[in-house]
Amino acid sequence: MHRRCSADTGVLPRGALGWTKLGGVRRLREFMMLKSCTAIALTLLLAACGDRPAEARAQTLPSSRTPATGPAAPVTASAASPAGEYAMSGPRVGTLELRDAGNGEWAIRLQGGGAPNEGAGMVADCELHARGTREGDRIEANVVPFDSTLMSVTTADLQRQPSAVTVTLEGAAAIVDTDFALCAMQADLNGRYVRRAAH
């Protein structure tokens with residue numbers, strides 16, 4: 001005769017204990033499989049994050065580095081504009097005017113070239129106008145026709161005797177070298193000129 005489980009006796013029916021053990025083992029096995037799958041999934045996730053290229057990982061991190069910026073390059077004398085008026089240094093009297101004519105062209109005007117002790121007319125006895133381009137610290141120019149109150153030079157004059165002027169810039173000074181030979185009494189415009197202070 002089978003014994004029944006009742007609230008009064010607390011006795012399990014025959015075979016119930018076996019079924020209970022079987023269910024516990026099954027649940028334990030399922031729990032272990034779930035735990036194993038979770039561990040595998042976590043391992044794969046960590047591996048995927050760890051395999052990212054260093055460049056990609058670096059892009060996701062804010063950088064505390066800022067690009068180094070050096071001091072601005074100083075403006076040298078050769079880079080500054082040489083436009084202005086210059087006075088000849090030494091015993092002779094003369095003036096040099098440099099003017100930026102635009103489009104990369106420079107206008108040059110030279111006047112004087114004589115010494116005061118050689119006579120009053122020698123101080124402003126010669127004049128030339130020239131135009132040319134600047135390359136670094138040098139202005140290379142050709143004498144052009146002009147007509148001033150002092151003298152005039154025509155196209156025919158320059159066809160017979162073409163002339164050129166080179167102005168070499170040295171800070172606040174300018175060195176003039178020209179083969180212009182149409183000056184009266186052979187006044188000499190070559191020499192060193194110093195920039196006049198701006199008024």
Side-chain angles (χ1 to χ4, degrees), residues 58-59 62-199:
Q59 291 176 359
S63 176
S64 60
R65 297 181 180 178
T66 55
T69 57
V75 178
T76 60
S78 61
S81 174
E85 291 187 356
Y86 299 71
M88 180 182 283
S89 58
R92 289 179 291 115
V93 178
T95 59
L96 163 67
E97 180 184 349
L98 298 178
R99 181 172 56 86
D100 188 347
N103 297 323
E105 190 174 52
W106 284 82
I108 299 172
R109 184 175 68 88
L110 281 162
Q111 192 176 63
N117 58 7
E118 294 177 351
M122 285 294 297
V123 176
D125 231 4
C126 188
E127 182 176 355
L128 72 78
H129 294 199
R131 283 181 175 263
T133 57
R134 178 186 176 187
E135 293 291 339
D137 293 335
R138 294 169 66 90
I139 300 175
E140 301 282 353
N142 292 318
V143 177
V144 296
F146 66 93
D147 186 10
S148 70
T149 57
L150 179 63
M151 61 182 290
S152 63
V153 173
T154 65
T155 302
D157 292 333
L158 295 175
Q159 287 176 345
R160 289 192 299 270
Q161 193 170 2
S163 303
V165 181
T166 299
V167 178
T168 303
L169 305 171
E170 295 182 355
I175 311 301
V176 172
D177 182 18
T178 179
D179 58 357
F180 186 67
L182 297 177
C183 295
M185 301 180 70
Q186 298 183 351
D188 189 3
L189 294 172
N190 293 308
R192 179 183 178 87
Y193 295 72
V194 179
R195 183 192 290 268
R196 287 175 173 169
H199 297 290

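All of these numbers come straight from a predicted model, not from anything done at the bench.
What you find for Val143 and Ala164 is that their closest heavy atoms are CG2-N, 4.2 Å. Of all the heavy atoms in Leu150 and Cys126, the pair that sits closest is CD2-O, 3.6 Å. The two residues Pro82 and Arg195 have their closest heavy-atom pair at CA-NH2, 3.3 Å. Minimum heavy-atom separation, Gly132 to Ala141: N-CB, 3.5 Å. Ala130 approaches Val165 most closely through the heavy-atom pair CB-CG2, 4.2 Å. The two residues Phe180 and Glu127 have their closest heavy-atom pair at CE2-O, 3.6 Å.
A 4.5 Å side-chain heavy-atom check between Glu170 and Ile175 finds at least one atom pair inside the cut-off. The shortest side-chain heavy-atom distance between Leu189 and Tyr193 falls under the 4.5 Å cut-off. Using a 4.5 Å cut-off on side-chain heavy atoms (C-beta onward), Thr168 and Asp177 make no contact. No side-chain heavy atom of Tyr86 sits under 4.5 Å from any side-chain heavy atom of Val176. Contact check for Met88 versus Leu96: no side-chain heavy atoms found under the 4.5 Å cut-off. Side-chain atoms of Arg134 and Asp100, non-hydrogen and from C-beta on, never get closer than 4.5 Å to each other. Using a 4.5 Å heavy-atom threshold, the side chains of Ser148 and Gln111 count as separate.
Formation of a donor-acceptor pair under 3.5 Å by the Arg160 side chain with backbone atoms of Pro162 is not found in this model. Put simply, the side chain of Arg92 gets close to the backbone of Asn190: a donor and an acceptor are under 3.5 Å apart.
Once rounded to the nearest 0.5 Å, the distance linking CG of Asp147 with OG1 of Thr154 reads 10.0 Å. A distance of 7.5 Å separates OG1 in Thr95 from CG in Leu110, rounded to the nearest 0.5 Å. One distance of note links CG of Leu128 with CD1 of Ile108; it measures 8.0 Å at 0.5 Å rounding.
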* With side chain to side chain contact (heavy atoms under 4.5 Å, CB included) as the test, would you mind laying out the steps for His129 and Val153 before giving the verdict? => CA-CA 9 Å; His129 294 199; Val153 173; over 6 Å; no
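For residues 101-110, the side chain to side chain donor-acceptor pair (under 3.5 Å) pairs, not counting sequence neighbours, are Glu97-Arg109, Glu105-Arg131.
Between Ser163 and the options Asp179, Asp157, Val144, a side chain to side chain contact (heavy atoms under 4.5 Å, CB included) holds for only Asp179.
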